[in-house]
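Structure first, commentary second.
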Amino acid sequence: MRTSDIDVVVVGAGAAGLAASRALIEAGHTAMMFEARDRIGGRAWTDSDTFGVPIDRGCSFLHSADINPLTDIAKRLGFSVIARNPDWGGSSARHILSPLEITDCDHAFDWFFDQLKEHRNCEPDVPISSIFPKHWRWEAVVRAVVTFWCGVDADQISLCDVANFRDTEQNWSVKEGYGTVIAKLGEDIPVRLNAPVNGIDWSGNDVRVSVNDTVLRAKAVVITVPTTLLADETIKFTPALPVDKQEACQYLPLGINNKVFIAVDGNPFGAEPGTHILSSVSSTRISSIHLLHKGHPLVDAYLGGDYARELEQAGNEIATQIVTDELVQVFGGDVRQRLGKSVTTGWLADPWSRGAYSYAVPGHAARRTDLAAPIADRLFFAGEATSVEFYATANGAYLSGQRAASEVTAVLSR
């Protein structure tokens, strides 16, 4: 075994790890990131190879863009921010609803989001489905949207947690890819790739971090890996993490969200780039479809919850067929001949995420604060799952990394 010394080890090179590392280095500390993947970015990943144009396999929207720090960062770095909201809402079903029904559907969603605002910090913390009216016409489509948003069915997610999310309703995209922005943040930060951390021993005054055949001694460690990996004890902690931390990981699991991208010959839809459609408002087994993705000849279909899990396990061919059938249902059989190459993401099978982003089990919204709490002035935690207001987002992860770095700096400066 080789032993070396460093101020801070940062575990994970996603948005949280990159933000923490940069802040620590700027504060004058020596820091090193370790990333299990062969790339930085984590669940932010822009792929420009598959179709020859950038597609975001992971996060793709600057949520709450007008207060999102990554919006200005992207602009400052020279990226093209598309300051235009997608046309989510009742208009997405205009092809299957009358004008009066579209208005009624829009009002139903307005009522739903108003209910969320009224239930911030609610007691008791119940499933989000508990607020649905009986025999509600719009229940299926609202449930579908919850799976797009949270990666899990409305029966399985905390109402309080969803209500705590700070949404300014400004959701913008980046022409070159959101993942490209996150990767740019780490260009000049020390990182070791293909280097999964498998052990953290905090039994002494310092922390010993095991990475492959190397053991590093650090004054502090910032841990940014997903809750799924911590809950499965992918990293062995000595001693074990306190019970409240273990429970926080278990009750803040990752939902399932995936995308199906399909190449298109021309514009058989007669639609404007970025047009959003739903194939049904009476089923939860649907995808959220954007046509002509960022102006490119691509369809981008978004899947969530158990349906996303099912189609990921079925494979790309079946998932593509299902989305194709949805497009045919809306635009007719001729569309089928205009569709080509496809690719489906598989975040559940990704060994370093095992899901998309975190949600709180009913009754456990407060666990995000437990997850974020430092231990013994040596173990510090960041990542989107530690954010109360911006969980499930890259900006939530980024801000959590800055928060963890500040906590470390406060301890090391004593």
Side-chain angles (χ1 to χ4, degrees), residues 59-68 71 83-94 96-97 99-173 255 257 274 276-278 280-284 286-290 302-305 356-362 365 368 384 387-396:
C59 56
S60 56
F61 284 102
L62 290 154
H63 294 297
S64 298
D66 51 335
I67 59 172
N68 185 331
T71 302
R84 181 176 64 248
N85 283 327
D87 61 341
W88 297 330
S91 60
S92 299
R94 53 187 170 271
I96 51 178
L97 296 177
L100 285 177
E101 288 174 319
I102 289 174
T103 299
D104 191 32
C105 184
D106 282 337
H107 287 164
F109 274 99
D110 288 342
W111 173 85
F112 173 64
F113 290 118
D114 285 342
Q115 286 293 302
L116 293 183
K117 293 175 184 177
E118 292 179 11
H119 284 82
R120 288 197 175 106
N121 302 313
C122 56
E123 289 293 341
D125 183 7
V126 293
I128 196 172
S129 58
S130 66
I131 65 172
F132 295 166
K134 289 185 177 180
H135 312 298
W136 192 26
R137 177 183 180 184
W138 306 109
E139 180 172 347
V141 69
V142 171
R143 281 183 177 272
V145 168
V146 169
T147 68
F148 303 152
W149 188 7
C150 306
V152 68
D153 189 79
D155 295 326
Q156 303 170 48
I157 187 169
S158 156
L159 169 61
C160 185
D161 192 52
V162 176
N164 284 338
F165 188 84
R166 188 178 176 189
D167 185 8
T168 68
E169 300 182 17
Q170 298 299 310
N171 300 285
W172 304 345
S173 57
N257 290 96
H276 179 258
I277 65 165
L278 298 174
S280 172
V281 294
S282 59
S283 173
T284 59
I286 59 173
S287 54
S288 170
I289 301 176
H290 288 98
Y302 195 67
L303 300 151
Y357 37 75
S358 68
Y359 69 93
V361 172
R368 295 196 186 277
E384 52 86 9
S387 175
V388 173
E389 294 185 317
F390 298 116
Y391 63 86
T393 67
N395 57 294

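Heavy atoms only: backbone and side chains are in, while hydrogens, waters and symmetry mates are out. Note that the coordinates shown come from a computational prediction; the quantities given were computed from them, not determined experimentally.
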Sub-3.5 Å donor-acceptor pair from the side chain of Ser280 to the main-chain atoms of Ser282, do we have one?
yes

Are Phe165 and Tyr391 an aromatic pair by the rule of ring centers under 6.0 Å?
yes

Parallel under 30°, tilted from 30 to 60°, perpendicular over 60°: which one fits the rings of Phe112 and Phe109?
perpendicular

Classify the side-chain pair Asn257/Tyr357 by whether it contains a donor and acceptor separated by less than 3.5 Å.
yes

Contact between Ser287 and Leu303 at the side-chain level, heavy atoms closer than 4.5 Å - yes or no?
yes

What is the distance from atom CH2 of Trp136 to atom CD1 of Ile131, rounded to the nearest 0.5 Å?
7.0 Å

Heavy-atom distance under 4.5 Å between the side chains of Trp88 and Phe148, does that happen here?
no

Are Thr284 and Thr147 side-chain neighbours, meaning at least one heavy-atom pair lies under 4.5 Å?
no

Between atom CZ of Arg137 and atom CG of Asp104, what is the distance when rounded to the nearest 0.5 Å?
6.5 Å

Within the side chain of Asp125, is there an N or O that forms a donor-acceptor pair under 3.5 Å with the backbone of Ala365?
yes

Are Ser64 and Glu389 packed together at the side-chain level, in the sense that at least one heavy-atom pair is separated by less than 4.5 angstrom?
no

Quick one: does Asp167's side chain get under 4.5 Å of His63's, heavy atoms only?
no

Separation between CZ (Arg166) and OG1 (Thr393), nearest 0.5 Å, reads 12.0 Å

Rounded to the nearest 0.5 Å, what separates atom CG in Asp161 from atom CZ in Arg368?
4.0 Å

Minimum heavy-atom distance Glu384-Ala392, with the two atoms named:
OE1-N, 2.7 Å

Can you name the nearest heavy-atom pair linking Phe132 to Arg143, along with the distance?
CE1-CG, 3.7 Å

Rounded distance (nearest 0.5 Å) linking atom CD1 of Ile128 with atom CH2 of Trp149
6.5 Å

Minimum heavy-atom distance Leu278-Ile286, with the two atoms named:
CD2-CD1, 4.1 Å

Can you check whether Val162 reaches Ser158 side chain to side chain, under 4.5 Å on heavy atoms?
no

Do Asp87 and Arg94 have side-chain heavy atoms sitting under 4.5 Å apart?
yes

Criterion side-chain contact (heavy atoms from CB on, under 4.5 Å) on Val146 and Val152, from CA distance to verdict:
CA-CA 7 Å; Val146 169; Val152 68; 5.5 Å; no

Can you tell me how far the NE2 atom of His290 sits from the OG atom of Ser60, to the nearest 0.5 Å?
8.0 Å

Asn85 side chain to Glu169 main-chain N or O, any donor-acceptor pair under 3.5 Å?
yes

Under 3.5 Å donor-acceptor, Ser288 side chain and Tyr302 backbone
no

Give a yes or no answer on whether the side chain of Ser130 reaches the backbone of Pro127 with a donor-acceptor pair at less than 3.5 Å.
yes

Taking every heavy atom of Ala394 against every heavy atom of Cys59, the minimum-distance pair comes out as CB-SG, 4.0 Å

Donor-acceptor contact below 3.5 Å, side chain Thr71 vs main chain Ile67
no

Where is the tightest heavy-atom contact between Ala65 and Leu62, given as atom of each residue plus distance?
CB-O, 3.2 Å

